[in-house]
S.K.: 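Got a structure for you, written out below as structure tokens; questions coming shortly.
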Protein chains: 2
Amino acid sequence: MPPKRTLTLRDVSEASGVSEMTVSRVLRNRGDVSVDTREKVQAAAKRLGYVPNKIAGALASQRVNLVAVIIPSLSNMVFPEVLTGISDVLDDTPLQPVVGVTNYRPEKEESVLYEMLSWRPSGVIIAGLEHTEASKAMMRNAGIPIVEIMDVDGEPIDAMVGISHRRAGRKMAQAIIKQGYKRIGFMGTKMPLDHRARKRFEGFTEALAKEGLEVADQEFYSGGSALRKGREMTEAMLKRTPDLDFLYYSNDMIGAGGLLYCLDQGIKVPQTIGLAGFNGVELLEGLPRMLASMGSERNEIGRLAAQIIARRAAGAEASPDDSIELSPKLQFGDTLKRRNS
Amino acid sequence: MPPKRTLTLRDVSEASGVSEMTVSRVLRNRGDVSVDTREKVQAAAKRLGYVPNKIAGALASQRVNLVAVIIPSLSNMVFPEVLTGISDVLDDTPLQPVVGVTNYRPEKEESVLYEMLSWRPSGVIIAGLEHTEASKAMMRNAGIPIVEIMDVDGEPIDAMVGISHRRAGRKMAQAIIKQGYKRIGFMGTKMPLDHRARKRFEGFTEALAKEGLEVADQEFYSGGSALRKGREMTEAMLKRTPDLDFLYYSNDMIGAGGLLYCLDQGIKVPQTIGLAGFNGVELLEGLPRMLASMGSERNEIGRLAAQIIARRAAGAEASPDDSIELSPKLQFGDTLKRRNS
DNA sequence: CTGAAAGCGCTAACAC
DNA sequence: GTGTTAGCGCTTTCAG
């Protein structure tokens with residue numbers, strides 16, 4: 001049975017006959033240490049299987065190389081991609097991401113934030129601009145860089161990186177109108193707490209209104225297999241409102257379900273009915289037709305957010321460049337353009 | 001500008017006129033404190049916006065309520081579900097999951113493990129049974145519960161929860177044979193480091209061999225959209241080996257791509273060609289036909305692993321019950337059964 | 001290049 | 001009920 005107590009610097013010090021302080025220097029590659037002692041120490045540490053105690057280190061140095069990343073969900077395809085962007089950038093720094101999930105619940109966000117801040121991370125990357133007052137207060141008082149991501153329709157506490165979902169909704173509406181579609185149905189999540197979906201919808205209806213149009217039918221879902229929901233909602237909606245000529249989905253997964261349904265039914269896409277989703281997920285590439293969509297720049301958002309944190313952690317001052325609006329790119333795919341050009 | 005220094009217990013103590021020790025008791029709900037002082041302290045803490053320093057707390061108490069969760073990937077659908085199971089269980093305890101991702105690379109796993117262990121977590125949940133020698137040594141020496149998940153084909157360091165992928169592969173092969181299929185193609189990931197996929201394949205070929213059969217064609221991919229890869233590989237394989245009557249995919253996503261391709265081509269499924277995937281993901285429910293698959297019990301694995309950690313953290317001893325083999329369930333869907341029953 | 005001393009902010013253990 | 005005293009294991013700082 002291995003030792004119950006875990007090893008300390010002192011154990012390595014004793015095993016190598018070098019002072020704790022010098023052992024510490026070697027293990028952190030700090031300061032000048034003679035090659036001789038360095039090797040002696042490393043050998044001893046390795047032999048004993050010493051793992052440093054970051055808790056003690058952090059307390060003494062007042063430095064923690066953790067970055068809190070707070071997101072609403074992991075099952076959304078979207079957030080893992082953001083995380084990938086963050087990881088890729090932080091891999092080149094001493095910083096490490098720590099992920100917390102809120103399930104789209106503000107109170108849960110608040111408690112996750114509290115937990116994470118109590119570990120004194122070097123920075124926070126958090127999805128969205130909407131938070132409880134208590135959460136905002138905590139972030140303002142934390143004294144560390146805070147980057148709010150995904151959305152730029154609002155005022156950041158510190159820095160922000162994202163796209164304007166309102167603008168994205170408008171842009172999609174305009175593209176649809178330009179193709180001559182007029183009877184438009186909308187399907188999306190029920191979640192009142194998905195502010196970004198809400199903003200897209202608002203931008204969408206707003207742009208339709210400007211052309212004297214409005215959403216002819218709409219339906220919202222929650223939970224379950226998004227692909228199947230898309231299929232089911234599409235069927236229900238087309239039965240209820242048969243004269244629709246376009247279906248706009250608030251995410252690609254339900255859009256894909258809708259597309260599969262239409263193809264199944266032999267509905268001519270995009271002649272009889274046009275379709276579009278949102279997010280530009282990889283999945284679309286494997287469908288029989290490529291669903292029109294709008295990329296949400298997830299990886300890039302993650303990268304940029306991580307860069308801001310890294311820069312600040314390295315001593316940079318807050319700067320106006322720390323608020324970045326990316327432009328979502330419209331992908332026509334095969335389901336939006338009615339004629340050539 | 002808010003204070004640069006973050007607040008300490010002492011600040012709360014001074015603001016409330018109560019000793020640090022008692023403040024600490026109140027904030028942790030420990031021991032008996034008069035209602036009076038309790039309220040005074042809570043008011044002061046709230047007013048100041050005090051966030052406790054867990055680093056100092058952990059150092060002093062030698063207790064860290066973090067559970068390290070180490071998985072190969074987040075973009076796999078599968079692991080987020082495991083995490084959900086873990087979170088659900090830990091939510092009822094003082095423990096908190098901290099996630100690390102290895103990208104299927106053993107050296108990365110080793111470094112992630114080292115980083116996490118240096119924070120002295122209360123336990124480790126780690127995917128798979130294959131690790132570098134150094135990783136195994138670290139886990140053996142950590143003096144905390146270690147639960148290896150997903151797979152049970154091997155010897156655990158401490159506890160394990162999962163399914164036998166070898167057995168899963170065999171079971172699928174037997175089901176396929178029973179339906180009378182004989183010319184079987186296999187498609188999967190190239191990754192030599194996905195040990196579970198490898199074991200499934202081994203079990204699969206082994207069971208075929210027992211009936212005098214072998215895989216008639218096979219193809220491996222890496223990277224890119226799995227759905228599209230499934231489509232492309234299926235097309236390539238059917239052109240190369242047109243007499244195949246069954247396609248076994250190592251995951252549902254490529255299986256779904258293959259299914260969509262077959263339907264597109266008007267191939268009769270499951271009469272002319274049968275299909276099956278692996279994992280039993282939700283996505284399947286939305287496809288035009290339900291792909292045959294085998295559930296990998298992801299949520300349950302997460303739940304059980306978390307329960308083992310929670311039990312041990314609460315003082316329980318290691319027990320043989322801490323090694324659990326779950327049975328994957330075969331789902332015939334619409335693509336495996338040729339005739340009724 | 002190496003070592004000694006003094007905490008980091010909190011909590012365990014005990015006294016009052 | 002509440003306060004006091006020692007550290008937890010490391011790093012910072014300053015001497016040598």
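Chain A is the first sequence line, chain B the second, and so forth, proteins listed ahead of strands; every chain is numbered from 1.
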S.K.: May I ask you to verify if any side-chain N or O of A/Ser19 is less than 4.0 angstrom from the OP1 or OP2 atom of C/dT2?
M.R.: no

S.K.: Ion pair present between A/Arg10 and A/Glu14, side-chain N to carboxylate O less than 4.0 angstrom?
M.R.: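 Salt bridge flag = yes for A/Glu14 with A/Arg10.
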
S.K.: Mind listing the residues from residues 37-48 of chain B sitting with a heavy atom below 4.0 Å of DNA chain D? Number order is fine.
M.R.: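 Contacting residues: B/Thr37.
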
S.K.: Please tell me if the side chains of B/Met77 and A/Pro80 come closer than 4.5 Å, counting only heavy atoms from C-beta onward.
M.R.: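 Heavy-atom side-chain distance check fails, nothing below 4.5 Å.
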
S.K.: Using the salt bridge (charged side-chain N to carboxylate O under 4.0 Å, His left out) rule, take B/Asp322 and B/Arg312 through it: C-alpha gap first, then chi angles, then the decisive distance, then the call.
M.R.: CA-CA 10 Å; B/Asp322 292 349; B/Arg312 295 264 199 102; 2.9 Å; yes

S.K.: Do A/Met21 and A/Leu9 touch side chain to side chain, with heavy atoms closer than 4.5 Å?
M.R.: no

S.K.: How close or far is atom C1' of C/dT11 from atom CG of B/Asn65, stated in whole angstroms?
M.R.: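 After rounding, the reported distance stands at 14 Å.
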
S.K.: Are the side chains of A/Val67 and A/Pro121 in touch, meaning some heavy atoms are under 4.5 Å apart?
M.R.: no

S.K.: Do A/Met116 and A/Val124 make a side-chain contact, defined as non-hydrogen atoms from C-beta onward lying under 4.5 Å apart?
M.R.: no

S.K.: Taking the side chain from B/Thr102 and the backbone from B/Lys108, do they hold a donor-acceptor pair closer than 3.5 Å?
M.R.: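 No: the side chain of B/Thr102 does not pair with the backbone of B/Lys108.
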
S.K.: Compare side-chain N and O positions of A/Ser34 against OP1 and OP2 of C/dC1 and report whether any pair is under 4.0 Å apart.
M.R.: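 Checking C/dC1 against A/Ser34, no side-chain N or O comes under 4.0 Å of OP1 or OP2.
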
S.K.: Scan nucleotides 8-11 of chain D against the protein and return all N/O pairs shorter than 3.5 Å with their distances rounded to 0.1 Å.
M.R.:
{"residue": "D/dC8", "atom": "O3'", "partner": "B/Gln62", "partner atom": "NE2", "Å": "3.2"}
{"residue": "D/dC8", "atom": "O2", "partner": "B/Leu59", "partner atom": "O", "Å": "3.4"}
{"residue": "D/dC8", "atom": "O2", "partner": "B/Ala60", "partner atom": "N", "Å": "3.1"}
{"residue": "D/dG9", "atom": "OP1", "partner": "B/Gln62", "partner atom": "NE2", "Å": "3.4"}
{"residue": "D/dG9", "atom": "N2", "partner": "A/Ala56", "partner atom": "O", "Å": "3.3"}
{"residue": "D/dC10", "atom": "OP1", "partner": "A/Tyr50", "partner atom": "OH", "Å": "2.6"}
{"residue": "D/dC10", "atom": "OP2", "partner": "A/Leu9", "partner atom": "N", "Å": "2.6"}
{"residue": "D/dT11", "atom": "OP1", "partner": "A/Arg28", "partner atom": "NE", "Å": "3.4"}
{"residue": "D/dT11", "atom": "OP2", "partner": "A/Ser24", "partner atom": "OG", "Å": "2.4"}

S.K.: Quick one, A/Leu113 with A/Ser135, criterion side-chain contact (heavy atoms from CB on, under 4.5 Å). Give me CA distance, side-chain angles, the key distance, then yes/no.
M.R.: CA-CA 7 Å; A/Leu113 186 61; A/Ser135 293; 3.8 Å; yes

S.K.: B/Asp36 CG to D/dT2 C1': how many Å, rounded?
M.R.: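 So the CG-C1' distance, B/Asp36 to D/dT2, works out to 13 Å.
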
